[in-house]
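Only this structure's heavy atoms are used, side chains among them; waters, hydrogens and symmetry mates stay out. Chain naming here is simple, since letters A, B, ... match the order of the sequence lines and numbering starts at 1 in each.
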There are 2 protein chains.
Amino acid sequence: MSVTAPPPTDRLLTPGEVAALFRVDPKTVTRWAVAGRIASIRTPGGHRRFRETEVQALLRGEGPRD
Amino acid sequence: MSVTAPPPTDRLLTPGEVAALFRVDPKTVTRWAVAGRIASIRTPGGHRRFRETEVQALLRGEGPRD
DNA sequence: AGGCAGTTGGGTAATTAGGGCA
DNA sequence: TGTGTCCTAATTACCCAACTGC
């Protein structure tokens, strides 16, 4: 148990942010969300947001294999 | 703004980009990645991305070993 | 109050992945 | 051993118009 919860980078990134990190098109990031390959949070307006932790894991090659 | 300022030193290149730099087929670049001769990052879709720094080093003839 | 950048959606073309062969 | 080319399937990139976020 530890109350020293380190500030997890739970920042929410926009499709453009994630796209820049993966060197892909923002539209492609949206496809990943639709395909369920990455968790996505929808704003009341319908826009998607992604958790930086999730993106970091994906960049590390870590991910729900299959 | 705040676009997570992606350092130009860690930009990712597509197989086609790397292939053009080496004047080889993208297929050959893929083989290098499979052979572990160059670090590769996989997109959730399965495509590969290469670090520009890694490519630059290779272009300099700086091989891991001879 | 309006404005701009970014995102959404669908559709089509280009690129990439993988295996096998020369 | 290494690279190029063949194939099919999957993924990605760019086109448009309209909406959201700040």
Asker: Over how many whole Å does the gap from A:Leu13 atom CG to C:dG6 atom P extend?
Answerer: 15 Å

Asker: Within less than 4.0 Å of OP1 or OP2 of C:dG18, is there a side-chain N or O belonging to B:Arg31?
Answerer: no

Asker: In whole angstrom, what separates A:Arg42's CZ from D:dG21's C1'?
Answerer: 14 Å

Asker: A:Gln56 versus A:Leu21: any side-chain heavy-atom pair under 4.5 Å?
Answerer: no

Asker: Taking atom P of C:dT12 as reference, at what distance in whole Å does atom CG of A:Asp25 sit?
Answerer: 18 Å

Asker: For D:dT1, what is the paired nucleotide under Watson-Crick or G-U wobble rules, both distances under 3.5 Å?
Answerer: none

Asker: How about A:Phe22 and A:Trp32: are their ring centres within less than 6.0 Å of each other?
Answerer: yes

Asker: Indicate whether OP1 or OP2 belonging to C:dG9 is found under 4.0 Å from a side-chain N or O atom of A:Arg48.
Answerer: yes

Asker: Under 4.0 Å between a side-chain N or O of A:Arg37 and OP1 or OP2 of D:dT11?
Answerer: yes

Asker: Looking at A:Arg49 and A:Leu12, what are the two nearest heavy atoms and their distance?
Answerer: CB-CB, 4.0 Å

Asker: Would you kindly give the CD-to-P distance between A:Glu17 and D:dG21, to the nearest whole Å?
Answerer: 16 Å

Asker: Is the distance from OP1 or OP2 of D:dT12 to the nearest side-chain N or O of B:Thr43 less than 4.0 Å?
Answerer: yes

Asker: Map A:Arg23 and A:Arg49 onto DNA chain D by nearest heavy atom, then report which one ends up closer to the 5' terminus.
Answerer: A:Arg23

Asker: Using only side-chain N and O atoms of B:Thr30, determine if any of them is under 4.0 Å from OP1 or OP2 of C:dA17.
Answerer: yes

Asker: When you look at CZ of B:Arg48, are more than 12 heavy atoms from neighbouring residues, nucleotides or ligands closer to it than 6.0 Å?
Answerer: yes

Asker: Looking at D:dG4, C:dG18, C:dT8, which one has an atom nearest to any side-chain atom of A:His47?
Answerer: C:dT8

Asker: Could you please name the partner base of C:dG2, counting Watson-Crick and G-U wobble pairs only when both distances are under 3.5 Å?
Answerer: none

Asker: Both B:Lys27 and A:Pro15 contact DNA chain C. Which one's nearest nucleotide lies toward the 5' end?
Answerer: A:Pro15

Asker: For B:Leu12 and C:dT15, give me the distance from atom CG to atom P, rounded to whole Å.
Answerer: 20 Å

Asker: Tell me the interatomic distance from B:Phe22, atom CZ, to D:dG4, atom P, rounded to whole angstroms.
Answerer: 12 Å

Asker: How about CZ on B:Arg60, more than 12 heavy atoms from neighbouring residues, nucleotides or ligands closer than 6.0 Å, or not?
Answerer: no

Asker: Reckon B:Thr28 has a side-chain N or O less than 4.0 Å from the OP1 or OP2 of D:dG2?
Answerer: no

Asker: Would you say A:Trp32 reaches D:dT12's phosphate, i.e. side-chain N/O to OP1/OP2 under 4.0 Å?
Answerer: yes

